[in-house]
> 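Have a look at the structure that comes next, please.
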Amino acid sequence: MSPVSNIKTLKIDGKDFSARQDETILEVARQNKIFIPTLCDLRGLSTVGACRMCLVEIKGTAKLLPACVTRVEEGMEVTTTSERLDRYRKSILELLFTERNHICSVCVSNAHCELQSLAQRLQITHVHFPYRYPKAQVDGSHPRFVIDQNRCILCTRCVRVCEEIEGAHTWDVMGRGIDANVITDLNQPWGSSETCTGCGKCVHVCPTGALFEKGRSVAEMLKRRNFLPYLTLMREERD
Amino acid sequence: MTPEELEQIAEEERGTQAQFLHRVNVCLAAGCISCQSQSVKDAFDKEIANRGWQRKCQSKGVGCMGLCAEGPLVSTAQGALYQHVTAADAGEILDALDSEPVSRLVCRTDVPFFQRQKKIVLENSGLVDPERIEEYVGSSGYGALMRVLTEMTPPEVVQEVVKSGLRGRGGAGYPTGLKWSTVAKAAGQHKYIICNADEGDPGAFMDRSVLESDPHRVLEGMLIAAFAVGASEGYIYVRAEYPLAIKRLRTAIRQAERLGLLGSSICGTRFSFHVDLRLGAGAFVCGEETALIASVEGKRGTPRPRPPYPAQQGLFGEPTLINNVETYANIAPIIRHGGEWYSQIGTEKSKGTKVFALAGRVLNTGLVEVPMGISLRDIVFEIGGGIPEGRCFKAVQTGGPSGGCLPAEFLDMPVDYESLAKAGSIMGSGGMIVMDETSCMVDVAKYFMDFCMTESCGKCVPCRVGTYQMNELLARITERTATPPDLAMLEELCDLLRNTSLCGLGQSAPNPVMSTLRYFADEYKAHVEEKRCPAGVCGNQAEEAS
Amino acid sequence: MTTDFSKPTPPSADKRWRLVDATMRRLGNHSRGLIETLHTVQETFGYLDEEALRYVAISLRVPLSRAYGVATFYHFFTLKPAGEHTCVVCMGTACYIKGAPQLLSALQHDLEIKPGETTADGKVSVLTARCLGSCGLAPAVVYDHDVAGKVSPTDLRERLKKWTRNDS
Amino acid sequence: MSKLRLATVWLDGCSGCHMSFLDIDDALITLLERVDLVYSPLVDTKVFPEEVDITLVEGAVSSEEDLRKIRMVREHSKILVSLGDCAVTANVPSMRNPFGVTAVCERAYRENVKLDPGIPDQVVPKLLDRVRPIHEVVPVDVFVPGCPPSASVIQYVLMELIDGRRPELSTRTRFGA
């Protein structure tokens, strides 16, 4: 295949871009500083298309498509912002706020939380759907880390980083629907997990205050993610 | 196995059958079995033995005869159909074989329920013993496979299916021929065939019935599909809740393998096909292709975004063809009679027949097969015999949790994919539930939303949280504590889920709500504004039971 | 406790584990066989407990959390033993509009348990099914393993009485 | 030009939003040139006036008294401002919701009390089953999230409203700010 056919040209928000054919709309948008909101996506991990925040409009397609998994195509015309997309994204984010107990003011991740900052970026000043107030567990059995299910948005970044990068697969999702939860091993206290290596990758990829280090108080939990591109890069080198 | 050998088996079988002067067919499909039809069959066997009639009269367990409500059903070779048969009736029925049928048990067959049906998928149901491959072979079974293997090329087979105009019977109605040709063209060393028998819609039992009544027909369809697309391995994903269907499928697979119709070098050709069962474990979302694939792979049945489509990247990452039971069941007749023949049945865009599970507030509940394009009125009032107890028709629900409720004004609408979709419902897999004025449409909408909420896999946010929120809102409406802004929020969520959910389950979950909001707005209004339930359903159930 | 990940051993000397082993062998001891194996465990032992999950997971080289995730995703699997008798009320659409909710509330009222629960004395478990495919006979109930059609709350109560009377 | 009538109301909250309001400091003087503070926990008036132009409400709706009060306030206010996270999201007061009011009262008035334990049935208003943000109970015109919203945000909101504009808040404050 000639290198020319590997390059696709497309329009994003009316501007012309070219991209490799294996790139996603989200990747192209990010390279070109076009903002598309995301939550479940994290560079260096596989994509799942689950949070639906990155839905975009594509000319000629009735359905909205998630930018994180949709590959570029020749002549594609993508719209990343519209009144309709804005409305849907806000609603989805609001639904997340109603799902569990996100009390920002007393959260370890206050001011460093992706859910919180995205809400501000999308100009959400209140949640118009009724809150659910479920009873959610806080598991502090691990010597160094805590999982607070109240803050979990089920993005599954922890599951993916543990499986794909650390290789332990300590985390997974149990149950289904509104009752789904992330668990360690056979839904046992994290501290008693036989498979957890204690590497802390899950803690640092978590977008909210669901996973945090012990000893952090309100607004004190800063997450470091730089290990992900580093590990990805080093592994590419090794392959 | 060669075509000649197959023909020989068929001949022998027909010869054996012809030796009997009389035949009594007892329905042994799940519906009649739950009315003790097995004991009826045993009684016939015993009575025939007592009379020393073993060479004169055959008693045979067969599949579904359709009119499940009147079971146990028994038919005789002389053409009589008996209903509500008990073990005690066996002698009397045998006595009457040479004379007039037993009038007190006779079920009339000159009525629209039987006359208006057109049987292609169900042509063998109620006639052949599903546990004997010879009977299937005796009624032209596996003839289409032979023809395909000896006379046709894979592209010709695909072409025949394209010509037939057959569309997927699982719900969405995607053109089957197109799907086949995509998989056939897909590059891949290994390709897979999957039969979706995880009949998920509550209120639908077409697939169960076909598997219990004529399992070989499904195997033959899968074999032809495998040949057409170049696959050598297949799975039947069947609900664990259907033990009888599983048992009969296992028997059928064993028998077909024994005759060399399944396995390696089928019919002496280079074509090989192995099939195995995978049991579904109670997840409606596994009706969605990518979720089903995940489940066959032994994982949580969560869907993933498409593309890539299973036709390109499916089971174990290989090109995979997924069709449902009824779709495969149509294949053998299409090959036997030609795509041209099939395309002459039905409407311009919806070809062939469709099996419906007719249930709810209708006189003749059971399984019916009708040509596409027939009107809802014909199904409900002619075939179904109308509404019992002198009540009034209110709505018919098609498509299960992904479908909608259609009011009386649509009774004369033809039943085809496009018309149903235009009216705000879907064809779905074929469940058809009739409702009368004793059903509250808000309550029905809540029933389906509760279903979708429970069945949501939880992967994507709009479906996971949205179905919960909608269910809560509907609960408030049925409890009559909702306000007009709640109704607006309900509509807002309908729009959100439809447009942003990851898979078909979430995208179509609002359908029952939207269709009832559209056609039964006054019922919602009564609950919200006047705080009353016109059908008297909401809020009374607890009192009724205690 | 520490699990020996290199050499999975059946949780007990119970011979029934051979059935489970046979299923795993038939599926090539491959992780793809997880659901099929769990079906065998449940069919054999009635439910899936932690020991069984651990054994199956390690034998098939499936991460523990994935095994648990699968076992709890599918409603057909249960992690608790069922009661002596089970009563499954079909909640399919046809059954629903023909009176299944009344059957369920009769059960809840008489036994004081919710669907998915077992009475304190371990006698009766109440379950619901998505659809039994017996819509022609709505409302349908499965008493232990027998499907009964056109069930009324009175029929149901009689059956409950029989179960509790005969066994006590 | 006649002055606008401003009120502030305190429901279930820590009074932090009111403290933040007072933190406007000297700007309070400028503010009071434009408005009359006709009702507030900070002033003496005991009865909510018939007509108020702008009412700032701090706190969530937790008790029957809160419910009665917010309905009354809504009825007599032209612009109702949900001030702070407790009013906007129910915030910390809502943390009792997952447990239910009975369990919470048991813990507060019996389990943790040594001297004369007992759940009060007089004087203290009855708690609602669930603590709710204000907009779930009455319509709200302006939402000012923050715990508490900063003094400058409150000042900005008031000045915009006084000048007849809609304040644009998402760039200035957020949940938990």
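Naming convention: chains lettered A, B, ... in sequence-line order (proteins, then strands); numbering from 1 in each chain.
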> Measuring from atom SG of Cys51(A) to atom CG of Leu502(B), what distance do you get when rounded to the nearest 0.5 angstrom?
10.5 Å
> Is a donor on one side and an acceptor on the other found under 3.5 Å between the side chain of Arg176(A) and the backbone of Arg300(B)?
no
> Considering only NZ, NE, NH1 and NH2 on the basic side and carboxylate oxygens on the acidic side, decide whether Arg132(A) and Glu472(B) come within less than 4.0 Å.
no
> For Pro462(B), does its backbone N or O pair with a side-chain atom of Arg52(A) as donor and acceptor, under 3.5 Å?
no
> Arg304(B) versus chain A, heavy atoms under 4.5 Å apart: side chain, backbone, both or neither?
neither
> Between Asp495(B) and Arg87(A), does any NZ, NE, NH1 or NH2 come within less than 4.0 Å of an OD or OE carboxylate oxygen?
yes
> Measuring from atom SG of Cys155(A) to atom NZ of Lys459(B), what distance do you get when rounded to the nearest 0.5 angstrom?
12.5 Å
> Are the charged groups of Glu99(A) and Arg464(B) less than 4.0 angstrom apart, N to O?
yes
> Are there more than 12 heavy atoms of other residues, nucleotides or ligands under 6.0 Å from atom CZ of Arg225(A)?
yes
> Got a donor-acceptor contact below 3.5 angstrom from the Gln469(B) side chain to the Phe129(A) backbone?
no
> Looking at every heavy atom in both Val465(B) and Ile178(A), which two are closest together, and how far apart are they?
CA-CD1, 4.0 Å
> Could you look at Leu493(B) and say if it's the side chain, the backbone, both or neither that has a heavy atom under 4.5 Å from chain A?
side chain
> Can you tell which part of Thr467(B) gets under 4.5 Å to a heavy atom of chain A, answering side chain, backbone, both or neither?
neither
